[in-house]
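Quick note: numbers below take in every heavy atom, side chains included, and nothing from hydrogens, waters or symmetry partners. Just so it is clear, the structure is predicted and the values come from calculations on it, not from any experiment.
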Amino acid sequence: MKKALFYGLLGSLFFAFTFLFNRSMNLGGGYWLWSASLRYLFTLPVLWVIVQKQTGVQAVFREIRKQPVQWFLWSTVGFGLFYMPLSMASVYGESWFTAATWQITIVAGVLLTPLFGKKIPFKNLLCSAVILVGIFLLQLSHADHIHTDGMLAALALIIVAGFSYPLGNRKMLQYAPAEMTTIQRVFGMTLCSMPFWFLCSVYALASHGMPGAGQIFQSLIVAVFSGVIATILFFEATNMVKHNPRQLAVIEATQSGEVLFTLLGGICFLGDAMPTASGFIGIGIIIAGMILNSFLV
């Protein structure tokens, strides 16, 4: 469990680059849909090379051919319906605001437990409720900076992303064979989400033209740090505890570390506004909920 917890926290550090660079690309005039699409378009060849050197990609292709509907469906949910809304939400405020509100995925992960034949771990649900209080305070503190419609739009987008990510991940944990490695599973999901990202790219090209060099470079960094390193770390952590719903809830709660990393990075490097007093209280409650969650194990 300690190793899984370490992987989860380290993954949250690399995931923080998603929020920082998405915000940076928005400030630089980059189109959010290009930011979303390029991450996965760049991630695929990197994972392809890694998997080919380790085990060969043919093993992954064989598994996809056995259950193509499940692979394409849940990969699109877990990656497409996760990252597209999250990228769009970054348009509405500072990087730490998106990162902190994103922690609603911890609550989503707990609420999804009955779909997989297990009881909701109510102690973890209580911790998730604490995290929700922190998110509410954060939203309240940000109300002065964002028009109400924009704040509600960002919240709705993050809710969609927050449920899609653990749902797609857990479904593929069910369908992928036990002998499949984490890297193979991430590669297979990235590959099967490609039709979705190609469609998004076509729309982005038709509506906003080609992305700029700066956006392409930053998207490449996000692809390596978040799409490859962070995703593999997080998926490996969840794979270690996939049979224990309480421990799985704790690993998913490690994503709260993204809030602190993003807050520091956004203020230091992007000139993000500091949270208000209630915002800091909200962030503190979110992190406290994560720590409390870990102590329950």
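One finds the CD1 atom of Ile281 at 7.0 Å from the CG atom of Leu137 (value rounded to the nearest 0.5 Å). For the atom pair CZ of Phe15 and CG of Leu233, the computed distance is 8.5 Å after rounding to the nearest 0.5 Å. Between the CZ atom of Arg170 and the OG1 atom of Thr238 there is a distance of 9.0 Å, given to the nearest 0.5 Å.
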May I have the step-by-step check of side chain to side chain donor-acceptor pair (under 3.5 Å) for Gln215 and Ser35, ending in yes or no? CA-CA 7 Å; Gln215 187 172 19; Ser35 301; 2.9 Å; yes
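Phe14 and Phe225 have perpendicular rings, their planes meeting at more than 60° on a 0 to 90° scale where under 30° would count as parallel. In this structure, Tyr165 and Phe82 have tilted ring planes: the angle between them lies in the 30° to 60° band.
In terms of the side-chain hydrogen bond (donor to acceptor under 3.5 Å, both in side chains) criterion, Lys53 has no residue partners (sequence neighbours excluded).
Exactly one residue among Thr18, Asn26, Thr98, Asn22 makes a side-chain hydrogen bond (donor to acceptor under 3.5 Å, both in side chains) with Ser90. That residue is Asn26. The only option from Trp197, Phe196, Phe187, Trp34 that meets the ring pair (Phe, Tyr, Trp, His ring centres under 6.0 Å) definition with Tyr40 turns out to be Trp197.
Formation of a donor-acceptor pair under 3.5 Å by the Glu63 side chain with backbone atoms of Pro177 is not found in this model. With Ser75 contributing its side chain and Phe72 its backbone, the two residues share no donor-acceptor pair below 3.5 Å. Put simply, the side chain of Ser12 gets close to the backbone of Leu9: a donor and an acceptor are under 3.5 Å apart. Of the possible donor and acceptor atoms, one in the side chain of Gln184 sits under 3.5 Å from a partner among the backbone N and O of Thr181.
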